[in-house]
Amino acid sequence: MITRSDQPVQQDRLSVFQFEEEPSWQQVLRQAVTCPRELLSLLELPCELAEGARAGARLFPLRVPRPYIARIEKGNRQDPLLLQVLPVQDEQTETPGFVPDPLGEQASNSQRGIVHKYHGRLLLLPGQACAINCRFCFRRHFPYEDNTLDSAQWAAALDYIRQDSSVREVILSGGDPLVQNDRRLAWIVTQLAAIGHVERVRVHSRLPVTVPQRVTPALVSALTDSRLQAVLVVHCNHPRELCQRVCDAMRELVEAGVTVLNQSTLLRGVNDDAAVLVELSEALFRCRILPYYLHLLDRVSGTAHFEVDETRARQLLGTMSSRCSGFLVPRLAREEQGAPCKSVLPPLYPDPD
Ligand SMILES: *Cc1c(COP(=O)(O)O)cnc(C)c1O
Ligand code: SF4
């Protein structure tokens with residue numbers, strides 16, 4: 001018997017019990033909606049939005065898995081989940097300062113499949129695909145084609161890690177690394193565990209939240225069967241993304257010993273509101289996830305309409321800090337090209353007068 005509900009957890013509703021088999025995550029990925037018209041029709045939205053959606057989708061295709069669509073409110077064109085996935089005309093707007101590769105990742109890509117910018121940890125990119133295309137994505141212009149690894153390139157990437165004994169943590173990133181199948185992931189973790197100086201594997205993925213079916217017993221084993229400590233950073237931006245089914249998946253991971261953290265991106269119209277951010281932290285913790293980063297948007301072309309300015313961001317953090325437990329306050333961070341780590345911004349508190 002499988003527990004499933006698309007209700008947000010903060011509403012404290014009973015789970016819906018379903019007796020039929022849930023589709024596999026691979027099926028869910030194959031059945032993702034890629035046609036703007038279909039998305040609009042499923043969500044009972046006016047077809048006048050189709051033109052902008054097609055224009056945006058020409059730059060970066062639309063892709064939304066159906067379990068995520070189920071959490072979007074029908075008929076609401078301002079729905080905070082919808083805004084993250086529906087392509088819009090604004091993506092065509094050129095804005096000064098917004099460029100294809102603001103983080104200079106193409107330059108730090110010295111070894112295929114590896115991005116090594118910070119001391120002690122590096123990104124390993126096993127493949128290009130994502131299960132959901134987020135409109136604000138900082139990788140929308142990243143040349144993934146050059147980063148799909150064949151077996152010789154895998155050997156070279158692993159050699160790179162083996163030869164640098166300062167690397168304690170390997171971060172699987174992407175694309176979405178959990179698009180790889182469980183056998184592949186188990187193989188990667190085994191290879192990393194064979195490198196003596198590697199202590200941790202960290203996975204950055206949006207799949208456990210967007211498609212909780214992805215958290216299979218084989219995935220949990222792949223992450224926990226080696227000597228490495230496992231960390232999963234989910235990317236959740238709004239409390240409504242955390243339905244009961246997601247919460248159940250998180251429990252599996254946490255009970256198996258995975259440390260689960262969250263990283264959000266601060267997005268205008270989606271979560272640039274102190275009450276929403278507080279509720280996000282509270283809902284995350286109910287699902288046993290700890291807030292880690294709240295990221296300012298990377299200034300990628302086509303995403304300017306999502307930007308929240310730095311002062312407003314710091315005020316939101318100030319309000320959050322005065323309303324919730326300290327461990328529920330994420331670090332407000334921005335990634336800067338050439339810096340030795342992400343820059344963390346301090347909160348701004350409202351004037352006492
Ligand atoms: C964000 C990031 C990391 C991880 O940084 P933490 O502060 O440890 O979370 C590592 N490498 C790159 C290139 C990154 O962008
Ligand atoms: S899942 Fe992550 S990498 Fe993929 S499109 Fe969304 S934000 Fe970008």
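Whatever order the structure lists them in is the order used to number ligands and atoms, beginning at 1.
- For atom 5 (S) of ligand 2, the candidate residues are Val209, Ile132, Val85; the nearest heavy-atom contact is made by Ile132.
- Of the N or O atoms in Lys117, none lie within a sub-3.5 Å distance of an N or O in ligand 1.
- Salt-bridge formation is detected for the pair Arg334/Glu310: a Lys NZ or Arg NE/NH1/NH2 atom is positioned less than 4.0 Å from an Asp or Glu carboxylate oxygen.
- Among the atoms of Cys134, no N, O or S atom falls under 2.8 Å of atom 4 (Fe) of ligand 2.
- Only side-chain heavy atoms of Leu123 come within less than 4.0 Å of ligand 1; its backbone N, CA, C and O stay farther off.
- Here is the list of ligand 1 atoms found below 4.0 Å of a heavy atom in Tyr293: 6 (P), 7 (O), 9 (O).
- Heavy-atom separations between His116 and ligand 1 are all 4.0 Å or longer.
- In Arg202, the part holding a heavy atom less than 4.0 Å from any atom of ligand 1 is the side chain.
- Near Tyr292, with a cut-off below 4.0 Å to any heavy atom, the atoms of ligand 1 are 6 (P), 7 (O), 8 (O), 9 (O).
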Practice prompt. Would you check, one step at a time, whether the test side-chain hydrogen bond (donor to acceptor under 3.5 Å, both in side chains) holds for Tyr68 with Glu241?
Written response: CA-CA 8 Å; Tyr68 192 79; Glu241 293 178 6; 2.9 Å; yes

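- For the side chain to side chain donor-acceptor pair (under 3.5 Å) with Arg135, the lone residue among His305, Gln84, Glu91 that qualifies is Glu91.
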Fill in: CA sep, side-chain torsions, deciding dist, call: Arg77, Glu48, salt bridge (charged side-chain N to carboxylate O under 4.0 Å, His left out)
CA-CA 11 Å; Arg77 59 166 84 184; Glu48 75 207 42; 3.2 Å; yes

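- Every atom of ligand 2 with a heavy atom of Cys137 under 4.0 Å away is listed here by number and element: 3 (S), 5 (S), 7 (S), 8 (Fe).
- Here Arg268 contributes atom CZ and Thr303 contributes atom OG1; the two are 10.5 Å apart, rounded to the nearest 0.5 Å.
- Against a heavy-atom cut-off of under 4.0 Å, Arg206 is close to the following atoms of ligand 2: 1 (S).
- For ligand 1, the polar-atom distance check against Tyr118 finds no nitrogen or oxygen pair separated by under 3.5 Å.
- Transitive grouping of hydrophobic side chains (ILVMFWY, heavy atoms separated by less than 4.5 Å) keeps Leu280 and Ile72 in distinct clusters.
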Worksheet item: side-chain hydrogen bond (donor to acceptor under 3.5 Å, both in side chains) between Thr216 and Asp182: does it pass, once the steps are laid out?
Response: CA-CA 8 Å; Thr216 58; Asp182 294 327; 2.8 Å; yes

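- With a heavy-atom cut-off of 4.0 Å, Glu335 touches ligand 1 through its side chain alone.
- The ligand atoms of ligand 1 that sit less than 4.0 angstrom from a heavy atom of Arg121 are 5 (O), 6 (P), 7 (O), 8 (O).
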